[in-house]
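These figures come from a predicted structure and were not determined experimentally.
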Amino acid sequence: SEFDLIVRGGTIATASDVFLADLGILDGRIVQIGENLTGAGRIIDASGKYVLPGGIDSHVHVAQPSGEGIVMADSFESGTLSALFGGNTTVMPFCLQEKGRPLREALTAYHALAQGNCYIDVSFHLIVSDASDALIGQELPALAADGYASFKVFMTYEDLRLSDADILKTLDVARETGATVMVHCENEDAIRFLIGRHERAGEVSPRAHASTRPVAVEREATHRALSLAEIVDVPIVIVHVSNGEAMEEIARARARGVKVIGETCPQYLMLTADDLDGMDWEGAKFVCSPPPRDKAAQEECWRGIETGVFDLFSSDHCPFRYADEQGKRNPRGLKSFRHIPNGIPGVETRLPILFSEGVMKGRIDLPRFVALAATNHAKTYGLYPQKGTIAIGSDADIAIWDPSESRTIRHVDLHDAADYSPYEGIAVTGWPTTVILGGRIMVDEGKLVGEKGAGAYRPAKPRQSRHNTNTMEI
Ligand code: URP
Ligand code: ZN
Ligand code: ZN
Ligand code: ZN
């Protein structure tokens, strides 16, 4: 027959259009978009459903070493399975450089962990933890040309933070190579000062995690990162933005002509610092950085999603088990919030939350949802138009959403390897019930039918070598 698969009668949405059509899929790609398509080995009836590009979550952590004895809950297998059930067909995890070691070495290890174990496609960001001359001068330029075209730098965490000098060097390599730099903006010296003050006062419960990382810590670092990018004259991504004051820094920098992409995450729409209170260390379930703020900040982040301060909506999935044999996300049994590993799970719930709270509640329309869920991630990180849209020639990565499917989020129904969801008990309307990866049906009406190993590594293109970047050119 003419096609391997036809998706028939659905409402298709891209980042710019919504229309009724059939999709014809052959050899893993979309080859026809039209009416009354026939001639396929398999036909999916999508009437009454939304047919959207598969989600791209460009900010997830799996199998990342996290310091003394702390193990991330998800492997590539469980992390990509969870992402798949949440309507995603590509994730972008981080490859962490070990201090004093070449990044290639870490990449070899991550590729070995991923190989044959992924349910969806994978592309990597590189975390620069040691801006040595060899890394800046030779390794990063070679890696950028080789499919690793985004670098994350940290302004916080004692073992990861870079000096402003090293951030400038990394930004400069990005300018030369067309790579994209993501920045974690929090002022480490200010945090350490506040941690000292809290510990001396005996304030050591999980709530103090939020108190020692106040808005000013993030706002100052955001301003500084944007200024450094302005000085180097290179685009920059500000990741996991939690509040309106950091958003104002982004808007102001944009007005000065800085090319900046903003990212926010479900935790900043759905959680507050009050969630870090709670009996018996329960607040540890919500420890992430920057911390969730307050109701007003949630509304500001929604405004940023609506107005375009944010182009990216990512999970920052960073799963640790809450209860293990050592107990309560405090693996060394130490009695202070500062030993709680930072990060929370959310790769499976990211899109259902944005769909339900955003589209169903009328805050954003379907094209904006698609942009935030998939298209802008592909454009920002060099995977477009192979990924992130429904177009002739693009990979047949498709999520079919049932807008009438109502669920209450329960961790027992999710597929990650953490032991809780920070969104337990939240009711959502709309769920991706069928997911197709490169023309292969992976989830069929809620049932896993695809196999581990179906997902492949996808190299990313640096900015200079991109052609069809369309409207969101950075
Ligand atoms: O707390 C967080 N966000 N953990 C994940 C690592 C990061 O900084 O993105
Ligand atoms: Zn970060
Ligand atoms: Zn305090
Ligand atoms: Zn992260």
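Cation-pi contact between Lys379 and Tyr384: present, with separation from the ring centre below 6.0 Å and deviation from the ring axis of at most 45°.
With respect to the salt-bridge test (charged N to carboxylate O, under 4.0 angstrom), the residues Lys447 and Glu445 do not qualify. The existence of a salt bridge linking Asp311 and Arg254 is confirmed by a sub-4.0 Å separation between a basic side-chain nitrogen and an acidic carboxylate oxygen. Salt bridge absent: Glu249 and Arg219 never bring a charged side-chain N and a carboxylate O closer than 4.0 Å. Using a 4.0 Å cut-off between a side-chain N of Lys or Arg and a carboxylate O of Asp or Glu, Arg42 and Asp444 qualify as a salt bridge. Under the 4.0 Å criterion applied to side-chain N and carboxylate O atoms, Arg8 and Asp45 are not assigned as salt-bridge partners. Residues Lys387 and Asp395 are paired through a salt bridge, judged by an N-O separation under 4.0 Å between the basic side chain and the carboxylate.
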Show, in sequence, the C-alpha distance, side-chain angles and deciding distance for Leu276 and Leu271, and conclude whether the side-chain contact (heavy atoms from CB on, under 4.5 Å) test is met.
CA-CA 9 Å; Leu276 278 77; Leu271 306 177; over 6 Å; no

Might you work through the side-chain contact (heavy atoms from CB on, under 4.5 Å) test for Met247 and Val241, ending with a clear yes or no?
CA-CA 7 Å; Met247 287 165 53; Val241 175; 4.0 Å; yes

Output, in order, the C-alpha distance, side-chain angles, deciding distance and verdict of side chain to side chain donor-acceptor pair (under 3.5 Å) for Asp402 and Thr433.
CA-CA 6 Å; Asp402 183 349; Thr433 46; 5.1 Å; no

Walk me through it: do Arg407 and Glu405 pass the test salt bridge (Lys or Arg N to Asp or Glu O under 4.0 Å)?
CA-CA 7 Å; Arg407 294 197 190 180; Glu405 170 106 0; 3.0 Å; yes

Does Asn187 form a side-chain contact (heavy atoms from CB on, under 4.5 Å) with Arg224? I'd like the steps, not just the answer.
CA-CA 10 Å; Asn187 181 320; Arg224 184 154 38 99; 3.8 Å; yes

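Considering only heavy atoms from C-beta on, Leu5 comes within 4.5 Å of Ile44 through its side chain. Looking at heavy atoms from C-beta onward, Val181 lies out of side-chain contact with Ser150 at the 4.5 angstrom threshold. A heavy-atom distance below 4.5 Å is found between the side chains of Val7 and Ile400. Side-chain contact between Leu140 and Val128: present, with at least one pair of heavy atoms (C-beta onward) separated by less than 4.5 Å.
Rounded to the nearest 0.5 Å, atoms CG (Leu226) and SG (Cys185) are 6.5 Å apart. The CE atom of Met92 sits 11.5 Å away from atom CG of Asp121, with the distance rounded to the nearest 0.5 Å. Rounded to the nearest 0.5 angstrom, Thr380 OG1 and Ile261 CD1 are separated by 4.0 Å. Distance CZ/Arg175 to CG/Asp172: 7.5 Å, rounded to 0.5 Å. Expressed to the nearest 0.5 Å, how far CD1 of Ile33 lies from CG of Asp22 amounts to 10.5 Å. Between the CD1 atom in Ile392 and the CZ atom in Arg29 there is a gap of 11.0 Å [rounded to 0.5 Å].
Under the 3.5 Å distance criterion, the side-chain polar atoms of Thr177 are matched with a main-chain donor or acceptor of Val173. Proximity of a side-chain donor or acceptor of Ser129 to a complementary backbone N or O of Gln97 within less than 3.5 Å is detected.
Counted by atom type alone, Asn342 and Ser289 present one or more donor-acceptor pairs between their side chains at under 3.5 Å. Side-chain contact of Ser421 with His411: a donor-acceptor pair under 3.5 Å is absent, judged by distance alone. Using a 3.5 Å distance cut-off with no hydrogens or angles, the side chains of Asp316 and His61 do pair a donor with an acceptor.
The aromatic ring centres of Phe151 and His125 sit 6.0 Å or more apart. The six-membered or imidazole ring of Phe369 lies near that of Trp401, with a centre-to-centre distance under 6.0 Å. A centroid separation of less than 6.0 Å is found between the aromatic rings of Tyr148 and Tyr457.
Heavy-atom contacts from other residues, nucleotides or ligands closer than 6.0 Å to CZ of Arg458 number more than 12.
Within the structure, side-chain hydrogen bond (donor to acceptor under 3.5 Å, both in side chains) pairs that include any residue of residues 292-310 comprise Glu218-Arg293, Ser242-Arg293, Arg303-Glu306 (at least two apart or interchain). Pairs engaging residues 225-259 under the ring-ring contact (aromatic ring centres under 6.0 Å, His included) rule: His59-His240, His184-His240 [sequence neighbours left out].
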